[in-house]
Every structure is written in C-alpha cells, then in structure tokens.
Protein chains: 2
Amino acid sequence: MDDKYRVPAIERAHLILKEISQHPGKLKLIDLSRTLAINKSSMYSLLLTLENLGWVEKETGETYRLGRELSRLGHAAFQRSNLNETFHKEASLAKLRLGESFQLAKLDGREVLYIAKEEALTPVRLASEPGMRLPAHATALGKVMLADLSNDDIDALYPADQEPFSHLTVNSMTTVQALKLSLEQIREQGYALDLEEAVIGFSCAAAPIRNAQGQVIAAVSCSMMLPQWEQKKQSCIEEVCKLAHQLSD
Amino acid sequence: MDDKYRVPAIERAHLILKEISQHPGKLKLIDLSRTLAINKSSMYSLLLTLENLGWVEKETGETYRLGRELSRLGHAAFQRSNLNETFHKEASLAKLRLGESFQLAKLDGREVLYIAKEEALTPVRLASEPGMRLPAHATALGKVMLADLSNDDIDALYPADQEPFSHLTVNSMTTVQALKLSLEQIREQGYALDLEEAVIGFSCAAAPIRNAQGQVIAAVSCSMMLPQWEQKKQSCIEEVCKLAHQLSD
DNA sequence: AAACTTGGTTTTGTATATAAAACCATTTTT
DNA sequence: AAAAATGGTTTTATATACAAAACCAAGTTT
C-alpha cells in the first residue's frame, strides 16, 4: 500500500471498531488502549470522537459497543451495488410490460436473501420484502442459483445426516435426490420455475445473473398468482431471462 | 461538544461516508471535495485510506460507493447488546409457545430500527430484517416507544410545518392529533397494536422494554397474518407483554 | 484512615496529517 | 492541432492530532 497517503487516525478508528465489534460491551478505554497499543490519551480523543459521531456507544461501567450511526451506514452499504439500480430501472420496464412483480435475490447458504423488488399493482402480492429469507430449495430464485453449484457442493450444503427439507407447501421438494434432478433440468434450460412450491396459489420463474467470469452472483424472478400464470407463463419466462441477461456483466 | 478532543480526520471520514451513502456511485473525488469543502489532496488521502480499509469501493469511472467492510461492521452493530442475547433466548421460547414471529427494535427519531428477530416457520413472513426501518407512527413497535415521550416531545418530533405522515396502508394514521390520541390509550394499557397499519394482511402487538430508571429503551413485538391474529390476538398480547417484562431491568 | 490501585481527564511538546500550490495526463474546446 | 479545462497525483509548509507524563477522583487494600 502507498504508505505515504494513509491517514492513521482513520485506520485506528477502524481497529477500534473491529475490536469493539468482537467484544461488545466488554472493553473499557484502558483495555482498548492496551490491546491496540494506543496511548490512553489518544484513545480518549478517538473514543470521544467516535461516540459523538454515533459510531460507538458508552455504557454505564464505561464499556463500549458499536453505535447506531454505524448500523445506519452499514445498512446503506448493503443496498449499494449498481446491480440494485439497474435492477430497478429495467425491472420497472418489465413490470409495465407484464403487469407482474419482479424480485432480485442472492443465495446465502441454503437460503434465498431478497435484495430488492419491483412490485406490480396486483391486488394480492407475495410478501417478498428486501431482507426476507426463504429456503432456497423451495423457490425458483433459490433453485436457479443452486443450479450453479456442482453436485458435490450440493451434498456439502445438504448433508445426509441433516434434518430433512422443510416443505412450505405440498409441492415443495423433500429430498436432495429430487433437488439434484431438478437442478439438472434447470442447468439445461437456463431458468427455474416454482409451481406453488413456496406459497400455495403463487408460481414463479427465475433466471440467473452472472458476472464477467460466468459465475452466478444473484438471480431475478417474476411471481404471480395462478390464474395469471396460466396466461402469461411463457412471456414471464422470457421477461425474466431477458432481465437476467441485462443485469449480467 | 468538547471542542478540544475531536479528531477531525474521523469526522471527515464520517462526512464522506454519509455523502457517499446518499449518492452511491455518483460522486468522484472532485465532487466530494467540493460539496464537503475538503481540499482535493486531503480528500485524496482520505479516500485512499477508506478504500484500503474496505469502507468504500472505487468503481470504473472513479466514482465511489460504500464498501463491504462497512456493511460487515454495521451488521455487527446490531448483534450487540445483551438485550439481544436475552431476546433471542426468551423470544425463541415464546415463538415455540405461540408459533409466530417476534421482533426487537429501537426508536431512532421518527423511525423504528429493527434490531433482531425470532422468526416462526410460517410460509409468509413480514420482512423485519435487522437494519430495516419503518415509520414509527405506522407500527406497533414505534407507537409503543413513542408513547414514552411527552406530548411536547411528540410536537418537537413532528413539527406542524413538516410534511404529513407517510401512510403505508389505508389504515395508517395521518395526523399528529390521531397519533397523540392513540399514544394516550397505549400509555394506559401498556401495549400497542398495529391493525394492518404497516402492511395489509399483517397485524402486530408490541410492548415496551424499560431500563432500571423506567425509561423505554426498546420494544418487542409479535406479528402475524390476519387469520392467525383472529385466533391468537389475546395470547399474542400476553406473550409480548411477558417478554418485554423479562427484557426490562 | 493512610497508602495504593485503577481508570478517566488535562496539559504540553513533537510527530504527522492536511491545505495550498504546482504538476501532469486526459479530455474537451476552438 | 493548439489551447484550455478537467481531474487525479506530488511536493512542501504549516496547522493539528497524538504520546507521554502529570493529574485527579473513586474504589481497594492493609
């Protein structure tokens, strides 16, 4: 690193925050000073500043924990990527064309983490708020992202001795075998469907978003109620694939 | 503020992060330098340091957005208090008894900041991911915490000349008058309800968590879909009040 | 209760982060 | 294509953040 243009005060702030995050509510000024080898008086100014900014909070007993301003910034950092922006831009257009809702999500272990959505003005909507999680194996979004993993990865993710799949509806898959079979098909066709596997009355199509290296980094889906699904299934798949392609690098 | 023990470099870092969070991917070095009235060369060092720490990320086109280390720290900022630990311990029991989801939140200005949750395995769940914010006046959690404030505090928080309340659903309150009236009742009964005020199809009960001085420092809530609400309303209120009492000092 | 810890607060001299200006590589204008 | 502007990088002088030590208030020890 360019040793010349560092600003140590910020680097120290970072060290302090990291240390506090590892022992929340345990460390006093003197502890931080000792473990980080920063002089008491310097630590005093640093902590006072961090406290004024709301990055740390002092408790009774003079011990420190991370503060709310930090969680505010952290939350903003979560909703950052330009993936998000382009999703909203393109999905709003797709929403106009199709009249249904679109979702953006990432895979987090065995769960789908919803990042953003563009919601159509349909009377009944699926509650896919950003931040929500659902089991990956029971959603189109989840399956299309799992399909990027190898069979070995899937085995590692779903060990045989683990509890069986939670089934959200009667249509949810219940075994790893069924999942692998399904993923095989998804790899071939390039998209995934969820036919009332997560919520009765709702179906869904999802397609993968890839980075420049071809790895799946996220996925988009379009969800709708069953009556609409019968009519729009084909165009739904098309829109989702098109959208996923636009969001890929 | 004690003007003597500030460390400006950190305060500047804070300003920069805040500015970037408001215009992610839009601002270049020169823009930040201008709007924050910080010299180009200083900004250069500051940004270089922030980038090395993973607090910001530079994009092609030399524009900046918040980085992953910041979201990591921000996330850690939630899982902090021992309030949190006891919440998870007790709420998981309450969840088993009631079969519904519980939330822990703090009041931050006019917003409710969700801190933690214990989620029941219901197919459709409210998206109360830690870090999420909702207008306080439209949620049970928010109202029960606002109820700890005096009417004067409420007036200060919601100035007459400000924009009117954002209503999330048709049931959301729309005026300060209505809010004050509602708070009066909440103070008497000791808990707050949200009857589809935040999300259509969801209702919610919340009770306040107090410190040793009796001040409200946080709140817990239990949310569920309408059909369940009809059956469990009473036991929901009981569980929430019991939980809040356990979490109070 | 006097002496000793412990841990937060002040003071002061010095090391260093920052502002200003010069610099340079690209891009835009004429 | 020369001139001007834009925006990132370097240099240098100075303002200021930090380390060390002294200080003080509370809590322990003997």
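The structure displayed is predicted, hence computed values, not measured ones. Chain letters run A, B, ... following the sequence lines, proteins first, then strands; residues in each count from 1.
Taking a cutoff of 4.0 Å between a charged side-chain nitrogen and a carboxylate oxygen, B/D148 and B/R210 qualify as a salt bridge.
Among the nucleotides C/dT18, C/dG7, D/dG7, the one closest to any side-chain atom of B/L46 is C/dT18. Counting only heavy atoms from C-beta on, A/K28 has its side chain closest to C/dG8 among C/dT18, D/dT9, C/dG8. Nearest to the side chain of A/L29, among C/dT18, D/dG7, C/dG8, sits C/dG8. Distance from the side chain of A/I30 is smallest to C/dG7 among D/dC18, C/dT18, C/dG7.
A close approach under 4.0 Å does occur between a side-chain nitrogen or oxygen of B/R34 and OP1 or OP2 of D/dG7. When the side-chain nitrogen and oxygen atoms of B/Y44 are compared with OP1 and OP2 of D/dT9, one or more of them lie within a distance under 4.0 Å.
Looking only at distances, no side-chain donor or acceptor of B/S221 sits under 3.5 Å from a matching main-chain atom of B/A206. Side-chain atoms of B/K143 come within 3.5 Å of backbone atoms of B/L193 as a donor-acceptor pair (strictly under, hydrogens ignored). For B/S248 (side chain) and B/I209 (main-chain N/O), no donor-acceptor pair under 3.5 Å exists by modelled atom type.
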All N/O contacts under 3.5 Å from nucleotides 21-27 of chain D to the protein, with atom names and distances to one decimal?
none

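Spacing between atom CD1 of B/I38 and atom C1' of D/dG7 amounts to 17 Å, rounded to whole angstrom units. Rounding to whole angstrom units, CD of residue B/E62 and P of C/dT27 are separated by 11 Å. Taking atom CD1 on B/I10 and atom C1' on D/dC18, their separation rounds to 12 Å, with Å as the unit. Distance, A/Y5 OH to D/dG8 C1': 11 Å, rounded to whole Å. For the pair B/L36 CG and C/dT18 P, the computed distance is 14 Å after rounding to whole Å. A straight line from CG of A/N52 to C1' of D/dA17 spans 16 Å, rounded to a whole angstrom. Atom-to-atom, CD of A/E11 to C1' of C/dA17 comes out at 12 Å; the value is rounded to the nearest Å. One atom, CE of B/M43, and another, C1' of D/dT9, lie 15 Å apart when rounded to the nearest Å.
For the pair B/A37 and A/Y64, both in contact range of DNA chain C, the more 5′-proximal nearest nucleotide belongs to A/Y64. Annotation: of the two residues near DNA chain D, A/A9 and B/D31, the 5′-most nearest-nucleotide partner is B/D31.
Other residues, nucleotides and ligands place more than 12 heavy atoms under 6.0 Å from the NZ atom of B/K180.
When A/E119, A/E100, A/E118 are each tested for a side-chain hydrogen bond (donor to acceptor under 3.5 Å, both in side chains) with A/K95, only one passes: A/E118.
Ring geometry for A/H14 versus B/W55: interplanar angle of 30 to 60°, hence tilted.
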